There are 2 protein chains.
Amino acid sequence: MTTSAGPPTVETIAARAGVSIASVSRVLNGHGARPNTVRRVQQAAAELGYVPNGVARSLKGGRTRQLTFAMPDVGNPVYVSMVRQIQAIAKPSGYRLLLHSTDAVAADELDVVRSLADRTSDGLILVPIRVTGEHLKVLSDAARPVVVIGSLPDGAPVDSVRADSVSGAVLAMRHLLAGGRRRIAFVNGPDDTVPGRNRSLGYRTALEEAGLPHDPALTVTTEFGIAAGAAATHRLLDADPAIDSVFCANDQLALGAVHAALDRGLRIPEELAVAGMDDSELARAGHPALTSVDLGSAERGRLAVEMLLARLDGGDHGVRCETVAPRLVVRGSTVAPERAS
Amino acid sequence: MTTSAGPPTVETIAARAGVSIASVSRVLNGHGARPNTVRRVQQAAAELGYVPNGVARSLKGGRTRQLTFAMPDVGNPVYVSMVRQIQAIAKPSGYRLLLHSTDAVAADELDVVRSLADRTSDGLILVPIRVTGEHLKVLSDAARPVVVIGSLPDGAPVDSVRADSVSGAVLAMRHLLAGGRRRIAFVNGPDDTVPGRNRSLGYRTALEEAGLPHDPALTVTTEFGIAAGAAATHRLLDADPAIDSVFCANDQLALGAVHAALDRGLRIPEELAVAGMDDSELARAGHPALTSVDLGSAERGRLAVEMLLARLDGGDHGVRCETVAPRLVVRGSTVAPERAS
DNA sequence: TTGAAAGCGCTAACAC
DNA sequence: GTGTTAGCGCTTTCAA
């Protein structure tokens with residue numbers, strides 16, 4: 001029986017209420033007890049401002065009520081919208097959210113998965129930058145349920161949620177083509193990633209579909225970023241002034257393309273149409289606002305956390321793999337508003 | 001002695017290495033042991049893929065190595081840049097980061113502080129939406145160290161980091177005035193908050209400094225958001241076409257002002273200059289890019305986490321209160337580039 | 001140097 | 001309905 005030092009524990013309450021610690025626990029967890037006992041325990045707890053020690057509870061129960069979300073970069077709007085959804089669902093379900101930035105380092109991704117063995121988190125949502133064989137190995141003997149946001153090879157024993165960036169790119173391209181654009185440049189991000197290759201595939205697919213030739217000179221690969229997008233667009237337009245539209249791998253690049261066009265005195269969308277991807281907050285920032293393809297980052301976040309919660313609730317169903325459909329959002333950067341200014 | 005069920009524990013390792021659990025613990029924590037013992041324990045641990053149970057460790061040690069960051073909205077770029085800094089510093093210091101969105105609900109803010117008593121987190125960085133008397137009361141008997149990002153009354157017994165939005169607003173206003181602007185409108189966010197009142201104060205201070213009258217008709221208060229900023233600006237310009245510049249309480253509002261101006265066919269910055277605040281990623285998104293005042297959100301995040309870590313490292317110094325100086329970032333929305341297009 | 005044992009705060013099985 | 005007690009996995013005295 002400790003003295004009054006330190007915060008109150010079940011023992012403190014028990015002493016004050018004149019009951020055993022077991023009764024304290026029962027009352028506090030809403031299990032049966034005589035009304036008189038209930039009253040005394042609750043009063044003692046209230047008077048002492050008792051708050052159960054969550055760590056002790058976790059040790060006993062084997063669950064921490066914590067979820068981890070690990071992604072490459074906290075600042076990226078795409079991940080921010082995932083965090084937002086995850087947090088919005090995890091919180092009312094009684095889970096805290098642990099945030100982990102892997103800084104796009106593969107070794108760090110592996111570490112997060114391995115560290116599930118420290119029992120500090122009940123489950124993990126991981127957005128890997130690239131999936132290696134090592135990833136698959138580590139993922140398949142993770143100590144806790146994991147849901148991957150991204151593309152996994154068929155048969156990987158891990159739940160996952162993926163975007164469909166091929167169709168997304170096709171959607172944007174069809175829209176440009178439908179608007180009469182014929183010389184469509186393509187500013188892609190790094191093309192050694194799965195999404196990078198997929199967007200490129202979508203671009204070529206849509207051209208083929210329309211019976212247009214694929215001119216490699218119209219494609220530029222660059223880092224993500226507004227400045228990079230502007231530079232790439234300048235390069236494209238310098239080489240080929242006949243370009244009538246630019247399709248960009250994300251909104252930052254597209255914003256850069258808009259800057260470049262306006263700096264050259266081109267009118268958007270009349271002389272140059274620009275389309276981006278992600279439909280982040282940035283898409284609405286520019287003027288004209290960006291036409292963009294929503295790859296469903298919020299939706300992917302929502303699905304991922306729901307799949308994880310289902311696993312945690314003992315769902316022992318087979319491996320799930322959901323694909324989120326892209327959605328084209330048309331704005332002023334590709335289509336002039338009805339009433340011209 | 002448990003069977004092989006469940007993940008390995010100190011006991012499993014001890015059995016395999018033929019030593020006591022105490023020796024296992026010592027070796028694993030780098031305390032002295034005979035070389036032979038060290039070798040056997042390490043080998044057993046490696047073979048079993050042992051990972052210490054973090055929860056048990058926390059229960060014993062009284063520390064979780066977790067920090068909590070609670071702010072009103074996960075999606076707000078200002079808080080995102082704080083998260084980024086906090087995470088960047090907490091991680092190498094061996095702390096995990098728990099994210100909590102209060103959704104701007106004061107009761108939720110109080111709950112986060114109170115829940116520090118559950119020992120689930122070693123410390124808290126809180127961005128309150130508004131500080132009430134109740135906040136001060138709850139904060140002063142928090143169970144763990146807390147650092148507040150925001151303005152606290154003098155003498156509050158809590159570490160804090162604040163922005164200087166009065167000076168920030170003055171900075172932007174002086175810049176507009178120096179550019180020859182005389183009829184400066186002001187689009188403020190909700191003015192029943194401390195920052196709201198401060199920006200308003202800065203606006204009036206700068207006008208007075210310049211010997212200009214304060215015309216209440218030039219000020220509009222509105223919700224944050226691009227659409228709200230555009231609507232407010234249209235209203236202002238409808239009422240007074242002589243307005244030559246708009247100072248906005250944040251970048252979203254400023255972007256809205258830019259949209260409104262361009263929709264009316266006004267040239268920026270020649271016919272209308274626009275300045276924002278926060279210098280978020282949005283400021284670079286528009287064309288022309290926004291002049292904005294950086295209120296140091298990244299810097300505030302950095303300071304807050306450092307103050308918290310100092311507290312946790314046993315620093316029992318007095319209450320600290322740091323103020324971060326604002327910084328004006330001039331871009332095309334207030335000053336035309338050298339070479340006009 | 002090492003092992004036995006206590007105990008962090010809690011929940012739950014078991015006996016009364 | 002209530003109390004006693006074991007035990008979650010770990011670290012750390014205290015003896016040997």
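Protein chains get the first letters and strands the later ones, always in sequence-line order, with residue 1 at the start of each. This one's a predicted model, so the numbers in the text were calculated from it and none came from an experiment.
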Report yes if a side-chain nitrogen or oxygen of B:Tyr50 is closer than 4.0 Å to either non-bridging phosphate oxygen (OP1 or OP2) of D:dC10; otherwise report no. yes

Measure the distance from CZ on A:Arg40 to C1' on D:dT2 and round it to the nearest whole Å. 12 Å

Ignoring backbone atoms, test whether B:Thr9 places a side-chain nitrogen or oxygen under 4.0 Å from the OP1 or OP2 oxygen of D:dC8. no

Side-chain N,O (A:Ser23) to OP1/OP2 (D:dG3) below 4.0 Å: yes

Atom NE2 of B:His31 to atom C1' of C:dT2: distance rounded to whole Å? 15 Å

Without decimals, in angstroms, what is the distance between A:Lys60 NZ and C:dA12 C1'? 6 Å

DNA chain C: 5'-proximal contact among B:Gly61 and B:Ala22 (nearest heavy atom): B:Ala22

When you measure from the side chain of A:Arg34, which nucleotide among C:dG9, D:dT2, D:dC10 comes out closest? D:dT2

Against B:Val127, only a single residue in B:Thr102, B:Ile149, B:Asp73 fulfils side chain to side chain contact (heavy atoms under 4.5 Å, CB included); can you say which? B:Ile149

What contact category does A:Arg26 fall into here, base, sugar-phosphate, or nothing, at under 4.0 angstrom with non-hydrogen atoms? base

For the pair made of CZ in B:Arg63 and P in D:dT11, what is the distance, rounded to whole Å? 12 Å

Can you measure A:Ile21 atom CD1 to D:dT2 atom C1' for me and round it to whole angstrom units? 12 Å

Whole angstrom is fine here: how far is it from CD1 in B:Ile13 over to P in D:dT11? 12 Å

Separation of B:Leu59 atom CG from C:dG7 atom C1', in whole Å? 9 Å

Across the strands shown, which category fits A:Val55 at heavy-atom distances under 4.0 angstrom: base, sugar-phosphate, nothing? nothing

Under a 3.5 Å distance rule, please check whether A:Arg63 uses its side chain to pair with a backbone N or O of A:Arg119 as donor and acceptor. no

Any side-chain donor paired with an acceptor under 3.5 Å for B:Ser297 and B:Ser81? yes

Short side-chain N/O contact from B:Asn29 to OP1 or OP2 of D:dT11, under 4.0 Å: yes

Consider the side chain of A:Val19, meaning its heavy atoms from C-beta on, and name the nucleotide among C:dA12, D:dG3, C:dG7 that approaches it most closely. D:dG3

Ignoring backbone atoms, test whether B:Arg57 places a side-chain nitrogen or oxygen under 4.0 Å from the OP1 or OP2 oxygen of D:dT11. yes

Is any side-chain N or O of A:Thr37 closer than 4.0 Å to OP1 or OP2 of D:dT2? yes

Measure from CD on A:Glu11 to P on D:dG3 and round the result to the nearest Å. 14 Å

B:Asp278-B:Ser280 side chain donor-acceptor pair, cut-off 3.5 Å: no

Tell me yes or no: between the side chains of B:Gln66 and A:Gln66, is some donor less than 3.5 Å from an acceptor? yes

